[in-house]
Protein chains: 2
Amino acid sequence: MPKYEQIAQDIRKSIEDGALAPGDRLPTVVELCDLYGVSKITVRKAVEQLAEQGFVSSRRGSGTYVKASPEAQGSENSAHGGDALYMGRKDRSIGFMREHQNDGTVTSDIYEFEVVEPPAEIAQRLDMEPGGFAYHDVRVRRLDGVPIVQEDTYMPLDLASGLKRQHLETSIYDFLRNEKGLKLSSFHRIMRAVAASKVEAERLDIKPNDPLFEIEQIGFLDDGVPFEYSVSRNVGSRTEMHDVNLT
Amino acid sequence: MPKYEQIAQDIRKSIEDGALAPGDRLPTVVELCDLYGVSKITVRKAVEQLAEQGFVSSRRGSGTYVKASPEAQGSENSAHGGDALYMGRKDRSIGFMREHQNDGTVTSDIYEFEVVEPPAEIAQRLDMEPGGFAYHDVRVRRLDGVPIVQEDTYMPLDLASGLKRQHLETSIYDFLRNEKGLKLSSFHRIMRAVAASKVEAERLDIKPNDPLFEIEQIGFLDDGVPFEYSVSRNVGSRTEMHDVNLT
DNA sequence: AAGTGGTCTAGACCACTTC
DNA sequence: AAGTGGTCTAGACCACTTC
């Protein structure tokens with residue numbers, strides 16, 4: 001782990017255990033350099049990471065201050081009703097399985113699993129050659145038996161060759177990473193609120209027209225190649241998405 | 001504008017006008033240093049910005065590659081139905097007014113405007129002293145006459161003192177920035193899909209139980225002090241949120 | 001072995017806030 | 001005037017990919 005991450009982690013701990021309270025000013029950049037025995041650029045990178053994660057805010061000429069913690073927000077939300085899906089911190093948004101591996105037991109209902117020529121508009125988003133084939137699957141993911149989300153996914157055949165039903169039941173991303181050696185790098189997402197169709201309602205154990213949190217997503221490898229197009233529809237009452245936004 | 005932003009902008013232009021196509025490799029970091037006459041750290045910062053914005057992906061030992069452009073995604077979405085609200089690129093998510101100032105005419109219906117002792121749970125999120133007062137307002141924002149979102153907002157009285165009805169009709173953020181000299185720095189958000197109540201449906205010109213895209217948000221100043229708590233409910237069929245997520 | 005991106009040093013200079 | 005964060009230089013060393 002690089003130095004700047006260690007420093008960020010150390011300061012983050014001080015905030016989380018209360019040694020640094022909301023409104024407090026952090027030591028100055030120069031003081032932190034002395035304290036950790038590193039150069040300014042390393043401290044700056046640590047502070048930038050803390051800012052991205054929502055822990056601090058820097059004010060030129062004045063100092064760096066502790067914000068009300070995102071964790072406090074997090075805990076409060078569950079009271080709001082959304083008790084199932086936590087997404088959003090950048091490092092956590094890497095698949096349903098990984099998000100929920102500590103939450104309970106994940107299972108899947110598989111409704112479709114086939115190899116097809118994808119619709120032109122999807123092929124284009126996946127940067128596929130005309131006539132190329134792709135895996136297509138539709139799953140409902142359950143947490144401790146409760147249906148959370150329906151995922152409709154396309155993956156180019158040549159990137160994901162060897163994909164089997166058993167991977168759909170656990171984690172496609174684990175298969176891509178561990179068995180195919182791919183490095184998943186980033187996701188472009190569009191989120192919307194939509195109404196459940198009759199079929200979706202049945203699969204997700206809700207009522208038709210109940211609100212769904214839709215995520216249309218393209219996943220990219222570290223060489224910029226798209227490996228996945230998916231539309232997931234999350235049960236509104238069991239889903240919330242967290243986000244920190246810097247201006 | 002700092003050098004690294006100029007360089008990022010320059011490379012971004014090359015991508016947008018097609019000089020660099022998806023899948024292409026950028027010049028190496030060292031080549032870019034020579035090309036722009038800057039040091040390595042400056043080029044790295046430019047490339048990091050491009051990665052955050054979803055334009056490129058870097059692969060250690062190999063190179064930096066152009067991804068399928070987010071703009072291509074953007075244009076495709078409007079075909080999908082969501083033709084009104086574009087959010088998400090970090091630098092654009094700073095208020096309804098600013099997001100739509102080029103889209104059409106923004107107007108407001110004001111349903112509530114008062115100074116109150118906020119509910120305990122909201123006062124806590126705003127880090128307010130017990131017994132403190134806050135502005136509270138409920139507005140519906142329209143774009144060219146079409147209702148898009150209902151916003152329910154609390155702001156501490158001492159931070160926003162002088163707020164008037166006229167500011168609710170244009171932009172509260174402009175008032176805070178220009179007249180109060182505040183620097184809005186970041187927002188913590190939680191997003192959900194919910195169903196419209198009867199009252200909301202009436203105000204937004206939709207049907208009860210139609211899906212709404214809810215954003216619960218706390219806004220922070222550059223010294224880490226929260227200045228705003230708001231819950232906005234956006235008409236699902238007129239809203240989409242864009243996002244780039246790095247792992 | 002050669003080439004690539006990622007981290008880091010030890011400074012310098014500047015913009016801005018605070019007094 | 002003094003103190004703060006933000007940017008930048010000219011290198012160095014390393015992890016990883018490619019051949």
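Comparing D:dG5, C:dT9, C:dT7 by their closest approach to the side chain of A:Y4 singles out C:dT7. Out of D:dT7, C:dG5, C:dC8, the shortest distance to the side chain of B:S58 is found at C:dG5. Between D:dT18, C:dG6, D:dG5, one nucleotide has an atom nearer to the side chain of B:R59 than all others, and that is D:dT18. Counting only heavy atoms from C-beta on, A:K183 has its side chain closest to D:dC16 among D:dC16, D:dT9, C:dT4. With D:dG5, C:dT7, D:dA15 as the candidates, the nucleotide lying closest to the side chain of A:T64 is D:dG5. Of the candidates C:dT7, C:dT9, C:dA15, the closest approach to any side-chain atom of A:P2 belongs to C:dT7.
Residue contacts shown for B:V38 are limited to sugar-phosphate atoms, with no base heavy atom under 4.0 Å away. The residue A:K3 sits close only to the backbone: its heavy atoms come under 4.0 Å of sugar-phosphate atoms, none of a base. Contact annotation for B:K40: base contact, defined as any heavy-atom pair under 4.0 Å involving a base atom.
Rounded to whole Å, atom P of C:dG5 lies 17 Å from atom CG of B:L246. Summarising the geometry, the separation between CE on A:M1 and P on D:dA15 is reported as 16 Å, rounded to the nearest angstrom. The distance from atom OH of B:Y36 to atom C1' of D:dC8 is 17 Å, rounded to the nearest whole Å. Atom C1' of nucleotide D:dT9 and atom CG of B:D34 are separated by 14 Å, given to the nearest angstrom. Look at CZ on A:R25: it is 6 Å from P on D:dG5, rounded to the nearest Å. Atom CD of B:E5 is separated from atom C1' of C:dA15 by 15 Å (rounded to the nearest Å). Note: CD (B:E48) to C1' (C:dC8) measures 13 Å, nearest angstrom. Across the protein-nucleic acid pair, A:D222 atom CG and D:dT17 atom P stand 8 Å apart, rounded to whole Å.
Under the 3.5 Å distance criterion, with hydrogens and angles disregarded, a donor-acceptor pair is assigned to the side chains of A:D152 and A:H136. Counted by atom type alone, A:Y173 and A:E228 present one or more donor-acceptor pairs between their side chains at under 3.5 Å. No side-chain donor-acceptor contact under 3.5 Å links B:T153 and B:S230. Side-chain contact, A:Q6 with A:Y36: no donor N or O sits under 3.5 Å from an acceptor N or O.
Residue B:P27 is the one, among A:G37 and B:P27, whose nearest nucleotide of DNA chain C lies closer to the 5' end (criterion: closest heavy atom). Both A:G63 and B:V43 lie near DNA chain D, and the one whose nearest nucleotide falls closer to the 5' end is A:G63. Comparing A:I41 and B:V29 by the nucleotide of DNA chain C that holds the closest heavy atom to each, the one mapping nearer the 5' end is B:V29.
Taking both residues in full, the closest heavy atoms of B:D137 and B:F113 are given as CB-CD1, 4.0 Å, listed atom of the first, atom of the second, then distance.
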Would you please test B:R12 and B:E5 for salt bridge (Lys or Arg N to Asp or Glu O under 4.0 Å) and show each step?
CA-CA 10 Å; B:R12 193 161 47 241; B:E5 274 194 28; over 6 Å; no
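Figure legend. C:dC13 is base-paired to D:dG6; pairs are counted as Watson-Crick or G-U wobble with both atom distances under 3.5 Å.
Phosphate proximity of C:dT7 to A:K45: present, with a side-chain N or O under 4.0 Å from OP1 or OP2. Dashed line: the shortest gap from a side-chain N or O of A:T42 to OP1 or OP2 of C:dT9 is under 4.0 Å. Taking side-chain N and O atoms only, A:S62 has a distance below 4.0 Å to OP1 or OP2 of C:dT18.
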